[in-house]
Amino acid sequence: MAMSDILAAHDLQQTPEELLFRPYRLGPYDLPHRIVMAPLTRSRARQPGNVPGPLNACYYAQRASAALIVSEATQVSMQGQGYAWTPGIHSREQVEGWRLVTEAVHRAGGLNFNQLWHVGRISHPCLQPDQMLPVAPSAIKPSGMAFIENENGEGELVPFVPPRALQIEEMPYLVRQFFRGARNAMRAGFDGVEVHGANGYLLEQFMTSGANRRDDAYGGSVENRARLLMEVVETVIEVWGSHRVGVRLSPLSTFNDIADDDPETTFGYVADKLNDYNLAYLHIVNPAAAALEQGTEPDPRAMAMVDLIRESCRGTLMIAGGFDRDSAEAWLEQGKADLIAFGRKFLANPDLPERFRLRAPLNPDDPSTYYGGGAKGYTDYPTLAQERGEQPWPCVDERWR
Ligand SMILES: Cc1cc2nc3c(=O)[nH]c(=O)nc-3n(C[C@H](O)[C@H](O)[C@H](O)COP(=O)(O)O)c2cc1C
């Protein structure tokens, strides 16, 4: 389609009824539309020290037209790191590095939340302080591989190791790691934080029965398994107030070897309990993502889970996973969600809201450049304005590493 056709089509197709483009009030923020950028690990923090830099600032600023950017997962401590080259939010240098990012996003008119992360057992001694064992609710080795940096400075996959079960005396220290991360995120100029309770990392390891065999106050009943998440939410709220805090969950996901005996009870309880905190939002990874993406009929259990979360959550619900423009609009219309987050489409289309508005073609994403490397596959996905010659191509010092 020629650009003039796209622009003409735009006038016809952008109907005011489309929910995707309607403003939304999120806590203290007025979002111009409902298209959020999902958190995306890109493993491009500067080394040594896992420090964000100008390249990362450029990448995020390019995507500032998102209603909200949720940053890539960011470890709250050295113990919380599980992959090579992911950024942290525990050192002074990292806070200063993130400041470059948040200032660039704000200059470009965007809003960004920092996703606070502790990986638990999804790590390896060579990523841990003093080569110690990764920590977990119970000493159960996950199946799968850790992504580390080898002696040649290259990424390499190595098998997970059995983690060390946390002692109950250590639990306040874990909560404290999130407190420090939240406070540092504020110092770095973020607009809020998202607690990463999804995708098989520490908080989900505690929540789900397959990874948690504890018999103390943090194991057994669903209330006990959800205790650490609630303590983390409370401590983060101390820093940010409830309206600038979101939580991400991934009900029914098996990613990172997670399993639960009764996910409906577990996630129903957690979603309901989170209402007590008046959070900015609950964010779920869509259990029906694969079916949605393939255009097949979703597993009824997945849709029942979406309904259960929707019924349990009395505040703003954000959903990510498998959406395109039309399915996002359909889910908003059906009241299944209030905001839709896009991962891979935002990764490859810095101006995704504009492309959606115009029904313009999307750049395809390149999985070979998801993790690690430099500008290639990171800041060089073109915007429509660049393609039209109306916007300069970004120029980032390639010596950033
Ligand atoms: C390269 C990549 C990195 C991701 N990193 C994170 C992350 O740091 N934190 C997180 O919660 N989810 C992460 N996800 C999951 C996405 O946020 C999102 O849920 C997923 O991509 C599905 O949405 P999509 O179908 O729109 O891509 C990642 C996904 C991809 C593809």
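Numbers here simply count residues along the sequence, with the first being 1. Just so you know, ligand 1 is whichever comes first in the structure, and atom 1 is the first atom listed for that ligand.
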Notebook entry, point to check: Just checking, is any N or O donor in the side chain of Y370 or D365 under 3.5 Å from an acceptor N or O on the other one?
Noted result: yes
Notebook entry, point to check: Is there a nitrogen or oxygen of H196 sitting under 3.5 Å from a nitrogen or oxygen of ligand 1?
Noted result: yes
Margin query: Can you confirm, on distance only, whether ligand 1 has an N/O atom lying under 3.5 Å from any N/O atom belonging to P39?
Written below: yes
Notebook entry, point to check: Do you see a donor-acceptor pair shorter than 3.5 Å between the side chains of Q75 and H90?
Noted result: no
Check: Looking only at distance, does R344 have an N or O less than 3.5 Å from an N or O of ligand 1?
Finding: yes
Margin query: Could you tell me if Y378 and Q62 have a donor-acceptor pair between their side chains, going purely by distance under 3.5 Å?
Written below: no
Margin query: Is it the case that ligand 1 has an N or O less than 3.5 angstrom from some N or O of R42?
Written below: no
Notebook entry, point to check: When R225 is tested against each of D260, D216, D215 for salt bridge (Lys or Arg N to Asp or Glu O under 4.0 Å), which residue passes?
Noted result: D260
Margin query: For N199, which part has a heavy atom under 4.0 Å from ligand 1: side chain, backbone, both, or neither?
Written below: side chain
Next item on the list: Indicate yes or no: does an N/O atom of G322 lie under 3.5 Å from an N/O atom of ligand 1?
Entry: yes
Notebook entry, point to check: In ligand 1, which numbered atoms sit nearer than 4.0 Å to a non-hydrogen atom of F342?
Noted result: 26 (O)
Next item on the list: Return yes if a side-chain donor-acceptor contact under 3.5 Å exists between Q79 and Y173, otherwise no.
Entry: no
Checklist line | Closest protein heavy atom (residue, atom, distance) for atom 26 (O) of ligand 1 | finding: G343 N, 2.8 Å
Note to self: Show the atoms of ligand 1 that are less than 4.0 angstrom away from any heavy atom in A38.
What the structure shows: 17 (O)
Note to self: Tell me whether A289 reaches ligand 1 (any heavy atom closer than 4.0 angstrom to a ligand atom).
What the structure shows: no
Margin query: For ligand 1, which is the ligand I care about here, please tell me if A73 has any N or O atom under 3.5 Å from one of the ligand's N or O atoms.
Written below: yes
Next item on the list: Using a distance threshold of 4.0 Å (strictly less than), state whether atom 2 (C) of ligand 1 has a protein heavy-atom neighbour.
Entry: yes
Notebook entry, point to check: At a non-hydrogen distance cut-off of under 4.0 Å, which region of Y371 contacts ligand 1 (side chain, backbone, both, or neither)?
Noted result: side chain
Notebook entry, point to check: Can you find a side-chain donor-acceptor pair between E354 and S65 that sits under 3.5 Å?
Noted result: no
Checklist line | Check: W240 ring centroid to F113 ring centroid under 6.0 Å | finding: no
Next item on the list: Find all atoms of ligand 1 within a distance of less than 4.0 Å from any non-hydrogen atom belonging to Q115, and give their numbers and elements.
Entry: 7 (C), 8 (O), 9 (N), 10 (C), 11 (O)
Note to self: Within the 4.0 Å heavy-atom shell around G321, which atoms of ligand 1 are there?
What the structure shows: 22 (C), 23 (O), 25 (O)
